Amino acid sequence: MSEPDVGAYRRPDNLSELLTLLDRRPTSVLAGGTDLVVMRADGMVDRTQDIVDIKDVSDLRGISLDADGTLTIGAATSLQELAKTPVIPPNAITDGASLVGGWQTRARGTIGGNICRASPAADTLPGVLAADAQLELASTTGTRLVPGHAFFTGPGRTVRKPNELLTRIIVPASLGASAYLRFTYRLAMDLAVVGVAAHLDIKNGRCVAARVALSAAAATPVLAPDAADALVGTELDEPSIEAAAQLVLNTATPIDDGRGSRAHRRTVLPVLAKRAIGIALERAREGHRR
Amino acid sequence: MTTHMTLRVNGSDHDIAVEPDTLLLDALRYECGLTSAKLGCGTGDCGACTVTVDGEAVNSCLMYVLECEGHSVETVEGVTASGIGAVVAEEFVKADAVQCGFCSPGIIMSTCALLARTEPGAATDEDIKEALAGNLCRCTGYLPILDAVRRASGAPR
């Protein structure tokens, strides 16, 4: 018996043709390919599905800042472009982008791919949640916006339907700054044992809004609302940060696996949270607005 | 389903037969006869397959060759023939940065991509480590490699 045919490779150059291809039959969306190529080779993704390469659709690439401070990131923007962007100061999303893999994988891998792969340990996802970003999904029938915190439904699973494409990440203007930190056993080419993003909005020296998000601490990237709420109203003095950082454990439900034990992860998480909040605060004081 | 495409490598066009999921690495090795890029891990961890596409260092094991249609691929066979690439190769030899040699083509390609985006002498140790973090070497302990890259970076271009 012969093997079923491998799906065809297609590279449309405009969004409407691309969405029509996704609508027609089950398709593997190819952006950077740094995960997809391996997953198809390993049989984790059906090789009979057509491959639709989205890199020639120029609307899907690039980073732009509106006059009102809204940041828009095209889903096919490479992690390297994001990590090195002059458009915005360093923040939790760019921190995450700069930590993924090595130079070669960041040059190919994209923010949209990192999001749709939905690894609980992915480095850009806590930043997406902490920034309160909206994720734009497009299909032939229209577009919808999904908040980052509602996008992920499990390891490798999202609310994206097979005929939908993640087109843009829309990040609202900020009164403050953010940062992402992770714990790994080596500095490069590693996956997060745990990670924490913190975003602080500050007015007259007081925290007026905050979001804290965790990676590799649950089945999806998650917000840690108790920690964030504890920061609001404080002057972000050390005792307040310390107390808030402990509260990430109210949300964290990490597992034991090859990269770390549940107990170790729960020990590291509050320390990382404290440091991430500290870096976000430092950036806010330096005048970063992101 | 076999199709035909033109793959531009080291300034020459190769008309090759490919499947929809033929890897760039396999096309280079088996269709173009360019064997400098190596299959190490096949997952983007080791960097032995590194080549440049439009000047950017990439893992050729993580790309379908059809993605390269209309783009320009460079390998060690091309870049070390002349210019700064030849200087890089010479500095690797002088610094004893090559032992078994399996990782060397990938590391040389990552180095050439780094030098192409930095001014002569401008690459810091941090830049070098960032550029080479995705290239593993199990022989040298990396210090001779860092030496070779520093020297090549300082060389006139």
Side-chain angles (χ1 to χ4, degrees), chain A residues 2-11 13 27-28 30-56 76 78-81 83-84 97-110 113 117 184 186-191, chain B residues 1-3 5 18-26 37 39-71 106-107 109-114 116-117 126-137 142:
Chain A
S2 65
E3 275 188 55
D5 274 350
V6 171
Y9 170 89
R10 302 187 193 285
R11 189 163 65 176
D13 63 6
T27 296
S28 293
L30 172 64
T34 52
D35 277 319
L36 183 69
V37 171
V38 177
M39 292 169 82
R40 288 179 91 252
D42 287 351
M44 291 166 72
V45 170
D46 182 358
R47 292 173 70 228
T48 64
Q49 288 189 357
D50 286 354
I51 304 159
V52 176
D53 187 342
I54 67 170
K55 288 188 290 291
D56 272 7
S78 76
L79 294 165
Q80 196 68 272
E81 182 178 347
K84 304 285 183 196
S98 69
L99 290 168
V100 178
W103 188 284
Q104 297 94 317
T105 39
R106 288 194 297 279
R108 297 293 293 177
T110 64
R117 170 68 181 85
T184 51
R186 60 198 300 279
L187 290 178
M189 300 300 291
D190 208 347
L191 296 170
Chain B
M1 192 181 59
T2 307
T3 54
M5 70 171 282
V18 301
E19 300 300 319
D21 59 355
T22 299
L23 298 174
L24 171 59
L25 174 67
D26 291 337
L39 175 64
C41 62
T43 54
D45 290 283
C46 78
C49 66
T50 304
V51 299
T52 63
V53 175
D54 300 336
E56 184 64 283
V58 298
N59 294 308
S60 62
C61 78
L62 295 184
M63 287 179 67
Y64 298 129
V65 64
L66 282 166
E67 294 177 72
C68 297
E69 194 152 33
H71 298 276
I107 295 187
M109 292 312 296
S110 286
T111 302
C112 288
L114 168 70
R117 62 178 177 259
E126 199 177 313
D127 293 334
I128 296 171
K129 288 176 185 174
E130 182 187 34
L132 299 187
N135 291 90
L136 302 186
C137 171
Y142 299 104

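All chains are named by letter (A, B, ...) in the order of the sequence lines, taking the proteins before the strands, and each is independently numbered beginning at 1. Keep in mind that what you see is a predicted model, and the values were worked out from it rather than measured.
Residues B:V18 and B:T3 form a side-chain contact, since some pair of their non-hydrogen atoms from C-beta on lies under 4.5 Å apart. Looking only at side-chain heavy atoms (C-beta outward), B:M5 and B:L66 come within less than 4.5 Å of each other. The shortest distance between side-chain heavy atoms of B:V58 and B:V51 falls below 4.5 Å. At least one side-chain heavy atom of A:K55 sits less than 4.5 Å from a side-chain heavy atom of A:L30.
Residues forming a side chain to side chain contact (heavy atoms under 4.5 Å, CB included) with A:V37 (at least two apart in sequence, or on another chain): B:L23, B:Y64. The side chain to side chain contact (heavy atoms under 4.5 Å, CB included) test applied to B:A113 returns B:T52, B:A57, B:R117, not counting sequence neighbours.
The backbone N or O of A:A8 sits less than 3.5 Å from a side-chain atom of A:D50, completing a donor-acceptor pair. Of the possible donor and acceptor atoms, none in the side chain of A:D42 sits under 3.5 Å from a partner among the backbone N and O of A:M44. At least one donor-acceptor pair closer than 3.5 Å links the side chain of A:D46 to the backbone N or O of A:T48.
In this structure, B:D54 and B:H71 approach most closely via the heavy-atom pair OD2-ND1, 2.6 Å.
Contact annotation for B:E69: both backbone and side-chain heavy atoms come within less than 4.5 Å of a heavy atom of chain A. Using a 4.5 Å cut-off between heavy atoms, A:L187 makes no contact with chain B at all. Neither the backbone nor the side chain of A:R10 comes within contact range of chain B; no heavy atoms are under 4.5 Å apart. Residue B:E67 touches chain A through both its backbone and its side chain, counting heavy-atom pairs closer than 4.5 Å.
Contacts from residues 41-50 of chain B to chain A, taken as heavy-atom pairs separated by less than 4.5 Å, involve B:G42, B:T43, B:G44, B:D45, B:G47, B:T50 in sequence order. Of residues 98-107 of chain A, those residues with a non-hydrogen atom less than 4.5 Å from any non-hydrogen atom of chain B are, in numerical order, A:G102, A:W103, A:Q104, A:T105, A:R106, A:A107.
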| request: Apply side chain to side chain contact (heavy atoms under 4.5 Å, CB included) to the pair A:R40 and A:V6, showing each step before the final yes or no. | output: CA-CA 10 Å; A:R40 288 179 91 252; A:V6 171; 3.8 Å; yes

